[in-house]
Amino acid sequence: MSDAVPPNAIQHALILGGGGALGICWMTGLAVGLREAGIDLSLADRVVGTSAGAVVGSVITGHGDLQQLVAMPAPDGDAPQIDPAGFGEIMGILATPGISGNEARRRAGARALEMGVGDPDAHIARIAGVAGVSEWSEADFIVTAVDITTGELQAWTRDGVATLPQALASSTSVPGVFPPIPIDGRYYIDGGMRSPINADLAAGADFMLIIEPLAHMFPHAPSDSELGGATTLSIVPDAETIAVFGVDLFNPAALHPSYEAGYRQAADAAPRLKAVWPTR
């Protein structure tokens with residue numbers, strides 16, 4: 001990782017996982033519902049965001065407008081056309097037997113670059129418009145991506161070379177769906193290719209809240225068990241939310257239902273958090 005991650009002298013960490021457009025809306029509903037119940041997620045000492053979680057994390061740490069996140073896709077008709085076959089090919093590469101995780105991600109990233117699925121600048125602009133936050137805040141916020149040259153994790157922070165829109169675009173660059181993002185002479189893809197949550201970036205925290213939209217679809221990486229003894233609490237989609245998600249995580253018709261599902265689940269999660277989450 002080229003960006004330095006500060007020492008883990010943290011009490012409360014917030015981990016926001018990947019989940020496509022519907023995951024963004026579901027996590028937004030959760031955050032709004034929890035806030036109304038007196039639980040402010042922005043009080044985390046560290047926030048780690050992967051893919052959809054990076055977008056939501058940028059708004060939480062930047063004190064932006066959470067409700068804006070439910071307005072996807074962009075009304076100008078610039079929403080991407082998604083080819084499931086491309087993503088399927090990438091997943092096949094990632095599942096290649098007999099090679100390391102880094103090598104699998106390196107190969108997947110190289111293939112994604114060959115696919116030419118879109119304009120990186122357009123994706124950067126699109127994600128910046130969705131988030132509505134253009135500058136890094138002073139919060140301890142980590143955005144995850146994968147360097148396609150090495151296949152290794154890249155942890156972007158406010159002290160690194162990436163602008164916030166670049167970091168968010170790289171973290172959400174699902175290979176085969178969106179273009180790899182060039183930053184400082186290298187290309188980067190979705191941090192979810194390494195782990196759906198990348199929770200180890202907050203290892204050593206006293207308490208870790210993990211909000212994971214795709215817990216029913218993707219297993220954790222081995223690194224997600226290396227948490228330095230942190231106490232964890234996970235919020236994952238319940239059966240009703242999973243039914244709302246369906247199989248297309250970019251389905252425009254399911255955006256508001258996903259938000260409503262997250263808002264509903266916040267009512268169940270809030271009592272579990274009241275005794276352990278910080279207050280002002």
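Values below: all heavy atoms of this structure, side chains included; hydrogens, waters and symmetry mates excluded.
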Solution key, residues 127-139 side-chain donor-acceptor pairs under 3.5 Å, sequence neighbours excluded:
{"unit_1": "Trp136", "atom_1": "NE1", "unit_2": "Ala162", "atom_2": "O", "d": "3.1"}
{"unit_1": "Ser137", "atom_1": "OG", "unit_2": "Thr61", "atom_2": "O", "d": "3.3"}
{"unit_1": "Ser137", "atom_1": "OG", "unit_2": "Ala139", "atom_2": "N", "d": "3.1"}

Item to complete: Tell me, with the steps shown, if Ser195 and His220 meet side chain to side chain contact (heavy atoms under 4.5 Å, CB included).
Response: CA-CA 6 Å; Ser195 159; His220 288 174; 6.0 Å; no

Worksheet, complete the sentence: Contacts satisfying salt bridge (charged side-chain N to carboxylate O under 4.0 Å, His left out) that involve residues 20-40 (not counting sequence neighbours) are Asp40-Arg280

Worksheet entry | Where at least one partner belongs to residues 84-104, residue pairs that pass salt bridge (charged side-chain N to carboxylate O under 4.0 Å, His left out), sequence neighbours excluded | Glu89-Arg111, Glu103-Arg106, Glu103-Arg107

Considering only distance and modelled atom types, tabulate donor-acceptor pairs under 3.5 Å from the side chains of residues 14-28, sequence neighbours left out.
{"unit_1": "Trp26", "atom_1": "NE1", "unit_2": "Gln265", "atom_2": "OE1", "d": "3.1"}
{"unit_1": "Thr28", "atom_1": "OG1", "unit_2": "Ile24", "atom_2": "O", "d": "2.7"}

Restricting to non-hydrogen atoms, name the atom on [X] and the atom on [Y] that form the minimum distance, rounded to 0.1 Å.
{"X": "Met208", "Y": "Ala230", "value": "CE-CB, 4.0 Å"}
{"X": "Ala169", "Y": "Ile124", "value": "CB-CG1, 3.6 Å"}
{"X": "Gly191", "Y": "Thr50", "value": "C-CG2, 3.7 Å"}
{"X": "Ala270", "Y": "Ile39", "value": "O-CD1, 3.4 Å"}
{"X": "Ser171", "Y": "Val143", "value": "CB-CG1, 3.5 Å"}
{"X": "Pro196", "Y": "Asp224", "value": "CD-OD2, 4.3 Å"}

I'd like to know if the side chain of [X] pairs up with that of [Y] as donor and acceptor (distance under 3.5 Å, no hydrogens or angles considered).
{"X": "Thr241", "Y": "Arg264", "result": "yes"}
{"X": "Ser173", "Y": "Asp190", "result": "no"}
{"X": "Gln166", "Y": "Tyr188", "result": "no"}

Worksheet item: Going by an N to O cut-off under 4.0 Å, is there a salt bridge joining Asp200 and Arg194?
Response: yes

Worksheet item: So does Arg158 pair up with Asp140, basic N to acidic O under 4.0 Å?
Response: no

Practice prompt. Evaluate the criterion side chain to side chain contact (heavy atoms under 4.5 Å, CB included) for residue pair Ile211 and Leu209; output intermediate values, then yes/no.
Written response: CA-CA 6 Å; Ile211 300 180; Leu209 172 60; 4.2 Å; yes

Item to complete: Give the C-alpha distance, both sets of side-chain angles, the deciding distance and a yes or no for side chain to side chain contact (heavy atoms under 4.5 Å, CB included) between Leu233 and Ile210.
Response: CA-CA 6 Å; Leu233 188 154; Ile210 302 173; over 6 Å; no

Could you tell me whether the side chain of [Y] reaches within less than 4.5 Å of the side chain of [X], counting heavy atoms only?
{"X": "Phe207", "Y": "Gln11", "answer": "no"}
{"X": "Val117", "Y": "Val177", "answer": "no"}
{"X": "Leu273", "Y": "Leu34", "answer": "yes"}

Worksheet entry | Thr150 vs Asn102, side chain to side chain contact (heavy atoms under 4.5 Å, CB included): CA-CA, chis, key distance, verdict | CA-CA 7 Å; Thr150 63; Asn102 283 352; over 6 Å; no

Report all side-chain donor-acceptor pairs from residues 246-258 shorter than 3.5 Å, counting only partners two or more places apart or in another chain.
{"unit_1": "Asp248", "atom_1": "OD1", "unit_2": "Phe250", "atom_2": "N", "d": "2.9"}
{"unit_1": "Asn251", "atom_1": "OD1", "unit_2": "Ala253", "atom_2": "N", "d": "3.1"}
{"unit_1": "Ser258", "atom_1": "OG", "unit_2": "Ala254", "atom_2": "O", "d": "2.7"}

Worksheet item: Does Phe141 have its ring centroid less than 6.0 Å away from the ring centroid of Trp156?
Response: no

Worksheet item: Would the number of heavy atoms belonging to other residues, nucleotides or ligands and lying under 6.0 Å from OH of Tyr187 be above 12?
Response: no

Please say yes or no: joined through hydrophobic side-chain contacts below 4.5 Å, possibly via intermediate residues, are [X] and [Y] part of one cluster?
{"X": "Phe87", "Y": "Val146", "value": "yes"}
{"X": "Ile99", "Y": "Ile189", "value": "no"}
{"X": "Leu214", "Y": "Ile242", "value": "no"}

Item to complete: Report the residues that fulfil salt bridge (charged side-chain N to carboxylate O under 4.0 Å, His left out) with Asp121, sequence neighbours left out, ordered by chain and then residue number.
Response: none

